[in-house]
Amino acid sequence: MKVFYEDILVGEVITNRSMTVDEALELIGFDEEKFIADNGFDDIDYNEFKMEY
């Protein structure tokens, strides 16, 4: 499964079950502050995350 923020690939998770965005972000070790700084955002909207299987 691939985790995207808008059109930005955040990470990938290999799983055999369904999971929430929060679970996927935890598994990939998502660092919100680093992501914001790296992409020049002021803040992020967690509703903009999506997962593709």
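Within the 4.5 Å cutoff, the side chain of Met19 has heavy atoms near those of the Leu27 side chain.
Under the side-chain contact (heavy atoms from CB on, under 4.5 Å) criterion, Ser18 pairs with no residue, sequence neighbours left out. Looking at residues two or more places apart in sequence or on another chain, you find a salt bridge (charged side-chain N to carboxylate O under 4.0 Å, His left out) between Glu23 and Arg17. For the side chain to side chain donor-acceptor pair (under 3.5 Å) test, residues two or more places apart in sequence or in another chain that qualify with Glu32 are Tyr46. Judged as a salt bridge (charged side-chain N to carboxylate O under 4.0 Å, His left out), and not counting sequence neighbours, Asp42 has no contacts. Residues satisfying the side-chain contact (heavy atoms from CB on, under 4.5 Å) test with Ile8, not counting sequence neighbours, are Phe35, Asn39, Phe41. When the side chain to side chain donor-acceptor pair (under 3.5 Å) test is applied to Asp43, no partner is found at least two apart in sequence or on another chain.
Among residues at least two apart or in separate chains, there is no side chain to side chain donor-acceptor pair (under 3.5 Å) pair with a member in residues 4-13.
Ala24 approaches Val3 most closely through the heavy-atom pair CB-CG2, 3.8 Å. The shortest heavy-atom contact between Met51 and Val21 is CE-N, 3.9 Å.
Hydrophobic cluster membership of Ile14, counting Ile, Leu, Val, Met, Phe, Trp and Tyr whose side-chain heavy atoms lie under 4.5 Å apart directly or via other members: none, as it forms a cluster of its own.
To the nearest 0.5 Å, the span separating CZ on Phe49 from OG1 on Thr20 amounts to 12.0 Å. Here the straight-line distance linking atom CG of Asn16 with atom CE of Met1 works out to 10.5 Å at 0.5 Å rounding.
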